[in-house]
Chemist: 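What follows is a structure written as C-alpha cells; I'll ask about it next.
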Amino acid sequence: MLATATVEKNAYDVALENFDLAANALELEDNVRAMIKYPERILEVGVPVRMDTGKVVHFQGYRVQHSTMRGPAKGGIRFHPNVTVDEVKALATWMTWKCAVVNIPFGGGKGGVTCNPKAMSMGELERLSRRYATAILPLIGPEKDIPAPDVYTTPQIMAWIMDTYSMNVGYPVHGVVTGKPISLGGSLGRNEATGRGVFYTTECACEHLNIPLKGARVVVQGFGNAGSIAAHLMDSASAVVIGASDSRVAIYNRHGLDIPKLIMHKERTGCLKGFPDAEEITPEELLALDCEILIPAALENAITEENAHTIHARIVSEAANGPVTPEADRILNSKGVFLIPDILCNAGGVTVSYFEWVQDEAHLFWDEQDVNNKLEKIMKRSFAAVLKINLDRKANMRLAANMLGIGRVADACRIRGLYP
C-alpha cells in the first residue's frame, strides 16, 4: 500500500511564473534572480511506518528550504494524499515571500508526507510523525529551520516532532517547531492566527472599497482551521456567512448560517454534512454565489480559468495557499474583483509562529491580547504597504505583494553580497 499523489496543475510552475512577473516589474538584475528564485535545499525521505496490523508501509516525505537569506527557514508540514515535491517547493517559495511581506526575519521552508491521515489511527500518526521528524533531523533546528502545522497536522503532531528532536539532542528544545500545545511552549493566539489575519486584511479591503462589513455576504470554501475561524470572526463582526464547504459537502442559507452551531456540528461529526437549516449545493455553485467576500480556504487551484468567470464576489481573500491560478488572476482582475493574495492574507499564521519562536527563545511568554494586538498591527501595516504599491505602480494586489516580498529578499541578497 504505497501512498500516491496527483495534482491538477503544477503549483511550482505557478510560483515561478508569479516570481518572474514581479522580478520583471522590479527590473531585478540577473545575479540576484539566480540567487533567490530557486530552493537552497530539497530533502526527499522514505518514511516506513509499522501500521496497527503489523504491516510496514512506505510513505514518501519531503522538506524544502527555499531561502535562508533573511533568517532561518520557516514553514509548515502537511500530511495529505496529494503531497508532491513540486507542491512542497511551491509552498516553500511562497513562504519566503510571505515572511518578507510581513517583514519577519525568516525565510521560506515547507514539508510534507504523502499519506491519508484520515485513514490512520493516532498510534500510526505518531509513528509516522516521529519517523518523518527523524528523517529530516539534519535540516531542522531553532536556528536553521522551524516547522509548523499545515493541512491535516496538529499541535499534537508538533509535540511529537519536538519530542523526537529533543530526544536526539538530549534536552528539551521548544523552539524547534511552532504551533505546539500551550503546555509545551506554544503561544496563546496561535491556533486562531491564520483566520484572524484573514479577517484583519479583509477588514482593510472593505474599508478601502467602502464596503460595510456589517451585513456583507460571505462564502467560505474550506471549513478547516483558517476557514472556520475566519467565518467565526466575520460572523462576530455582523457579516452574514451564507455558504460554506468542506471536503465532503457544500451548504448554503441565503439568510446566513449559524456559525457557532456550525462549528460545533463540525467538531461533533467531523464534517458539515447534515447541518440543519441549510441546503446542500455543489462546490461549483458555492464558488459562484453572489457575495461581497469569498474566502477560498482549502487547497491550491480552487479557482482556475475554467471557473473564474463564475465568481461573483467583490473581494477574494486567499486563506489557502495558491487557490487562484495565474490565468484565473487575470480573469478576476478584468472583472474588477479585489484579490487579497495568499502571501499577505494568510500570513497571520507565520507571524504568530514567529511570536511563538521569539517567546520560546526568550523563555518569556505574552498574554493573548498582546499577541492579537501585535498581529493586528503587522497585518494592517503590511496590507497598507502592498496597497501603496498597488496604487502607485498600477499593479494588481498579487503582483504588488510579490514585488514587496521579493524586493525585500533581493535587498537582503545585495546587502549580504552572496551573489557572484
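Index from 1, following the sequence.
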Chemist: Are any non-hydrogen side-chain atoms of Glu280 and Lys273 less than 4.5 angstrom apart?
Modeler: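 Heavy-atom side-chain distance check passes, below 4.5 Å.
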Chemist: When the ring centroid of Phe383 is compared with that of His208, is the distance short of 6.0 Å?
Modeler: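 Here the rings of His208 and Phe383 have centres that are no less than 6.0 Å from each other.
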Chemist: Of the non-hydrogen atoms in Ala11 and Glu87, which two are nearest, and what is the gap between them?
Modeler: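 Scanning both residues, the minimum pair turns out to be CB-CA, 4.5 Å.
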Chemist: Could you tell me which non-hydrogen atom of Ser353 sits nearest to which non-hydrogen atom of Lys74, and how far apart they are?
Modeler: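 Minimum heavy-atom separation between Ser353 and Lys74: CB-CE, 3.6 Å.
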Chemist: Spell out, as yes or no, whether a donor-acceptor pair under 3.5 Å connects the side chain of Arg393 to the backbone of Ala25.
Modeler: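 Indeed, once roles are kept as given, a pair shorter than 3.5 Å links the two residues.
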Chemist: Please find the pair of heavy atoms, one from Thr178 and one from Ala148, that lie closest to each other, and give the distance.
Modeler: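 Heavy-atom minimum between the residues: OG1-CB, 3.4 Å.
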Chemist: Would you find a donor on one side and an acceptor on the other, under 3.5 Å apart, between the side chain of Glu40 and the backbone of Thr68?
Modeler: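 Yes.
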Chemist: Could you tell me whether Asp145 and Arg41 have a side-chain N and a carboxylate O separated by less than 4.0 Å?
Modeler: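 So Asp145 does not pair with Arg41 through a salt bridge.
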Chemist: Let me know which of Val64, Val88, Thr96 forms a side chain to side chain contact (heavy atoms under 4.5 Å, CB included) with Pro39.
Modeler: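 When Val64, Val88, Thr96 are each tested with Pro39, the side chain to side chain contact (heavy atoms under 4.5 Å, CB included) holds only for Val64.
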Chemist: How many angstroms lie between CZ in Phe19 and CG in Asn24, if you round to the nearest 0.5 Å?
Modeler: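 Spacing of CZ (Phe19) from CG (Asn24) equals 9.0 Å.
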Chemist: Look up atom CG in Leu26 and atom CG in Asp411, then write down how far apart they are to the nearest 0.5 Å.
Modeler: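 It comes to 9.0 Å.
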Chemist: Without swapping roles, check the side chain of Arg416 against the backbone of Met69 for a donor-acceptor pair under 3.5 Å.
Modeler: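 Yes; judged by distance alone, with no hydrogens or angles, the pair exists.
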Chemist: Within the distance-only criterion (no hydrogens, no angle test), does the side chain of Glu356 pair as donor or acceptor with the backbone N or O of Gly179 below 3.5 angstrom?
Modeler: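 Looks like yes, one N/O pair under 3.5 Å.
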Chemist: Would you say Glu192 and His232 make side-chain contact, with heavy atoms under 4.5 Å?
Modeler: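 No, their side chains stay 4.5 Å or more apart.
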Chemist: Please determine whether a side-chain nitrogen of the Lys or Arg among Asp20 and Lys37 lies less than 4.0 Å from a carboxylate oxygen of the Asp or Glu.
Modeler: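 Salt bridge: yes.
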Chemist: For Gly222, is there any backbone N or O sitting under 3.5 Å from a side-chain donor or acceptor partner on Asp246?
Modeler: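 Judged by distance alone, no pair lies under 3.5 Å.
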Chemist: Arg70 side chain to Ile104 main-chain N or O, any donor-acceptor pair under 3.5 Å?
Modeler: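 Checking the backbone N and O of Ile104 against the side chain of Arg70, a donor-acceptor pair under 3.5 Å is found.
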Chemist: Quick one, Phe199 and Ser317 - any side-chain contact, counting heavy atoms below 4.5 Å?
Modeler: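 Sidechains of Ser317 and Phe199: no contact.
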Chemist: Using a strict 4.0 Å threshold on nitrogen-to-oxygen distance, state whether Arg196 and Glu368 make a salt bridge.
Modeler: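 Salt bridge flag = no for Glu368 with Arg196.
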Chemist: Can you measure from OG1 (Thr93) to CG (Asn18) and round to the nearest 0.5 angstrom?
Modeler: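 That separation rounds to 10.5 Å.
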Chemist: Return the minimal non-hydrogen interatomic distance between Trp357 and Gly175, and the atom names on each side.
Modeler: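 Where Trp357 meets Gly175 most closely, the heavy atoms are CD1-O, 3.5 Å.
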Chemist: Relative to Trp366, does Lys374 satisfy both conditions: NZ or CZ under 6.0 angstrom from the six-membered ring centre, and within 45 degrees of the ring's axis?
Modeler: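 Yes, Lys374 lies over the aromatic ring of Trp366.
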Chemist: Let me see the working for Arg414 and Glu29 under salt bridge (charged side-chain N to carboxylate O under 4.0 Å, His left out), right down to the final yes or no.
Modeler: CA-CA 10 Å; Arg414 295 188 195 99; Glu29 56 268 43; 2.9 Å; yes
Chemist: Do Asp235 and Leu257 pass the side chain to side chain contact (heavy atoms under 4.5 Å, CB included) test, and can you show the C-alpha distance, the side-chain angles, and the key distance before you say yes or no?
Modeler: CA-CA 9 Å; Asp235 181 67; Leu257 299 165; over 6 Å; no
Chemist: Assess the residue pair Val371 and Ser187 against the criterion (side chain to side chain contact (heavy atoms under 4.5 Å, CB included)); give the C-alpha distance rounded to whole Å, side-chain angles, the decisive distance to 0.1 Å, and a yes or no.
Modeler: CA-CA 8 Å; Val371 171; Ser187 175; 3.8 Å; yes
Chemist: Nearest 0.5 Å please: distance from the CG atom of Leu184 over to the CE atom of Met158.
Modeler: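 Output value for this atom pair is 12.5 Å.
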Chemist: Roughly how far apart are Ile42 CD1 and Gln65 CD, rounded to 0.5 Å?
Modeler: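 The CD atom of Gln65 is 10.5 Å from CD1 of Ile42, to the nearest 0.5 Å.
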Chemist: Are side-chain heavy atoms of Asp258 and Asp277 found at a separation under 4.5 Å?
Modeler: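 Asp258 vs Asp277: side chains apart.
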Chemist: May I ask you to test the Lys380-Glu203 pair for a side-chain heavy-atom distance under 4.5 Å?
Modeler: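 When only atoms from C-beta onward are counted, Glu203 and Lys380 do touch, with a gap below 4.5 Å.
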Chemist: Under 3.5 Å, is there a donor-acceptor pair between the side chain of Asp342 and the main chain of Gly322?
Modeler: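 Such a contact is found between Asp342 side chain and Gly322 backbone.
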Chemist: Evaluate the criterion side chain to side chain contact (heavy atoms under 4.5 Å, CB included) for residue pair Tyr62 and Thr114; output intermediate values, then yes/no.
Modeler: CA-CA 9 Å; Tyr62 310 94; Thr114 311; 3.9 Å; yes
Chemist: Working to the nearest 0.5 angstrom, can you tell me the gap between Ile229 CD1 and Asn191 CG?
Modeler: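 CG of Asn191 is found 5.0 Å from CD1 of Ile229.
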Chemist: Contact between Leu21 and Asn402 at the side-chain level, heavy atoms closer than 4.5 Å - yes or no?
Modeler: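 Counting from C-beta outward, Leu21 and Asn402 never come under 4.5 Å.
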Chemist: Kindly give the heavy-atom pair with the smallest separation between Leu289 and Ile281, and that separation in Å.
Modeler: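 The pair with the smallest heavy-atom distance is CD1-CD1, 4.1 Å.
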Chemist: Is the side chain of Lys266 donor-acceptor paired with the backbone N or O of Leu272 at a distance under 3.5 Å, no angle test?
Modeler: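 Looks like no, no N/O pair under 3.5 Å.
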Chemist: Compare all side-chain heavy atoms of Tyr165 with those of Pro142 and state whether any distance is below 4.5 angstrom.
Modeler: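 Heavy-atom side-chain distance check passes, below 4.5 Å.
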Chemist: Using atom types as modelled and distance alone, determine if a side-chain donor or acceptor of Asn346 lies under 3.5 Å from a backbone N or O of Ala319.
Modeler: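 Pair found, side chain donor or acceptor close to backbone of Ala319.
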Chemist: Would you call Glu292 and Arg217 a salt bridge, using N to O less than 4.0 angstrom?
Modeler: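 Yes, Glu292 and Arg217 are salt-bridged.
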Chemist: Between Asp367 and Gln369 (side chain of the first, backbone of the second, donor and acceptor by atom type, cut-off under 3.5 Å), is there such a pair?
Modeler: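 No.
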Chemist: Go through the steps for Lys144 and Leu139 under the test side chain to side chain contact (heavy atoms under 4.5 Å, CB included), then give the verdict.
Modeler: CA-CA 7 Å; Lys144 297 189 295 184; Leu139 290 193; over 6 Å; no
Chemist: Is there side-chain contact between Val151 and Val83, with heavy atoms separated by less than 4.5 Å?
Modeler: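 Answer no - side chains too far apart.
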Chemist: Show the nearest heavy-atom pair for residues Tyr132 and Gly111, with the distance to one decimal.
Modeler: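 For Tyr132 versus Gly111, the nearest heavy atoms are OH-CA, 3.5 Å.
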Chemist: Has Glu306 got more than 12 heavy atoms of other residues, nucleotides or ligands less than 6.0 Å from its CD?
Modeler: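 Yes, enclosed.
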Chemist: Look at atom NZ of Lys335 and say whether more than 12 heavy atoms of other residues, nucleotides or ligands are closer to it than 6.0 Å.
Modeler: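 Yes.
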